[in-house]
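Quantities reported herein were computed from a predicted structural model and do not represent experimental measurements. Just the heavy atoms: all of them, side chains too, but no hydrogens, waters or symmetry mates, feed the values below.
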Amino acid sequence: MKKEDSGRYLFRHIFRKKFLKAGACIGTLALALSLMPPVSAAAASKGASKTQLYTIEGGYPSTNSASKVISYDIAGGSAPEKIKFAFHQKNIKVYVNGKRKLTVNFDYYDRYTQVQFFRLANGKRFMFLKTTGDNADGIYALYRCSGGKFKRMLSQNSVVSKGANHRYIDNIFVKGNRVYVTYGHMFTLSGYTQFRYTYRYSGGKLRRTSSNTKQVNIAYQTRPTLTTAARVKLYRSKSTGARYSTVAKGTRVKVLAAGSAGKRFWLKVKTLNGNKTGWIRCKDSYYPNGHAGTLFKETGLAG
């Protein structure tokens with residue numbers, strides 16, 4: 001593992017303890033050799049809806065015959081269904097009471113799989129399927145479970161994709177009828193960055209409550225103070241096409257919020273002297289500016 005990668009994984013561990021202690025811990029990257037008993041992943045959240053967490057073996061280099069079966073009431077009936085996860089080197093096939101209902105293809109050599117089931121207060125059921133491999137890249141998808149079928153509602157690519165690499169969903173937990181999703185992406189703007197959005201279920205969809213969030217973590221800090229590594233353009237809003245000001249290299253800024261628009265990531269900052277406040281736009285691809293491709297001295301790129 002590269003030095004930058006090891007630091008990123010340490011960041012993920014620290015962030016879970018400090019920022020997501022009320023949520024469902026996704027777990028460390030390891031090869032799970034057997035089906036673990038379900039545990040309550042939302043016990044720390046008062047009033048949180050029921051959650052069950054399973055860690056299971058899957059993906060490369062497991063054999064084509066590897067499979068695990070769990071019992072869970074995904075249909076909301078009187079008895080739980082038998083859900084079988086059949087693992088192959090290229091995909092996972094999911095069967096409900098003997099009938100194949102879902103096939104998830106791998107993008108990478110995935111070697112670790114976690115399945116998490118959620119039940120909202122209104123009775124709606126969801127399954128979060130996570131497969132990880134090299135650099136923790138893989139599949140991160142949230143499915144609605146209804147009538148023994150699975151409909152994908154969210155993935156690691158649902159919010160932003162421009163200028164981002166190593167896109168994950170780090171954490172999901174539910175409370176009442178709301179779903180809290182923490183994304184973790186490697187941005188050319190700010191390096192490895194985590195930001196949390198809140199969703200509510202309505203009309204058969206999970207709808208984001210806002211395009212902005214104050215729950216953002218960069219360089220081991222929540223809403224951190226950072227130093228610009230290059231001259232930075234500021235925008236009054238995420239929708240405007242023209243900058244209104246600039247911030248000089250070496251300026252200390254406070255991150256106030258994160259936001260997304262058109263698959264692009266933005267950060268709202270304020271200079272410490274208070275003279276300027278505005279949004280910084282993430283560029284579409286990696287670019288050199290003298291500091292590992294990011295706009296802040298405290299951050300860098302990995303992988």
Same apolar cluster: Leu120 and Val181, side chain cutoff 4.5 Å: yes
Side-chain H-bond candidate by donor/acceptor type, Arg152 with Ser155, under 3.5 Å: no
Check: Lys263 side chain, Ser158 main-chain N or O, donor-acceptor pair, under 3.5 Å: yes
Residue pair Phe296 / Leu189: nearest heavy atoms and the distance that separates them: CD1-O, 3.5 Å
Under 3.5 Å: donor-acceptor pair, side chain of Lys254, backbone of Arg223: yes
Cluster link Leu267 to Tyr244, ILVMFWY, side chain under 4.5 Å: yes
ILVMFWY cluster, Tyr72 and Tyr95 together (side-chain gap under 4.5 Å): no
Backbone N/O of Thr246 and side chain of Lys276: donor-acceptor pair under 3.5 Å: yes
Aromatic plane relationship, Phe195 with His185 - under 30° parallel, 30 to 60° tilted, over 60° perpendicular: perpendicular
From OG (Ser67) to CD1 (Ile92), nearest 0.5 Å: 12.0 Å
Tyr201-Tyr199 aromatic ring centre distance below 6.0 Å: no
Minimal non-hydrogen separation, Val104 against Leu129, with atom names: CG2-CD2, 3.6 Å
Thr228 side chain to Ala248 backbone, donor-acceptor under 3.5 Å: yes
Leu295 CG to Phe187 CZ distance, which is reported to the nearest 0.5 Å: 13.0 Å
Min side-chain heavy-atom separation Cys282-Thr188 under 4.5 Å: yes
Qualifying residue, where the test is side-chain contact (heavy atoms from CB on, under 4.5 Å) with Trp279 and the options are Asn212, Val269, Leu256: Asn212
Rounded distance (nearest 0.5 Å) linking atom OG1 of Thr131 with atom CD1 of Ile139: 5.0 Å
pair Leu206-Leu142: side-chain heavy atoms closer than 4.5 Å: yes
Closest contact, heavy atoms only, Glu81 versus Ile74: OE1-N, 2.9 Å
Nearest atoms (heavy-atom pairs only) where Gly274 meets Lys270: CA-CE, 3.8 Å
Over 12 foreign heavy atoms within 6.0 Å of CZ, Arg200: no
Tyr180: partners by ring-ring contact (aromatic ring centres under 6.0 Å, His included), with sequence neighbours left out: Phe173
Minimum side-chain heavy-atom gap Phe87-Lys68 below 4.5 Å: yes
Pair Asn273-Thr271, side-chain donor/acceptor within less than 3.5 Å: yes
Lys84 atom NZ, neighbour heavy-atom count above 12 within 6.0 Å: no
Rounded distance [0.5 Å steps], CD1 in Ile280 versus NZ in Lys268: 12.5 Å
Identified side-chain contact (heavy atoms from CB on, under 4.5 Å) counterpart of Thr182 within the set Asn171, Ile169, Thr213: Asn171
Cation-pi geometry met for Lys101 and Phe150 (6.0 Å, 45°): no
Reported CG-to-CG distance for the pair Asn122 and Asn177, which is rounded to 0.5 angstrom: 4.0 Å
Check: Asp137 and His166 side chains under 4.5 Å, non-hydrogen atoms: yes
Side-chain ion pair, Asp73 and Arg119, N-O less than 4.0 Å: no
Min side-chain heavy-atom separation Val255-Val216 under 4.5 Å: yes
Donor-acceptor contact present, side-chain Thr209 to main-chain Thr198, <3.5 Å: yes
More than 12 heavy atoms of other groups within 6.0 Å of Lys162 NZ: yes
Under 3.5 Å: donor-acceptor pair, side chain of Arg125, backbone of Gly123: yes
Minimum side-chain heavy-atom gap Phe126-Ile172 below 4.5 Å: no
Short side-chain donor-acceptor distance under 3.5 Å, Tyr197 and Ser260: yes
Smallest separation among heavy atoms of Gly191 and Leu301, with atom names: CA-CD2, 4.3 Å
Pairwise side-chain contact, Lys238 with Ser211, heavy-atom cut-off 4.5 Å (strictly under): yes
Nearest heavy atoms of Tyr143 and Ala141, plus distance in Å: CE1-CB, 3.5 Å
Any side-chain heavy-atom pair of Lys233 and Arg281 under 4.5 Å: no
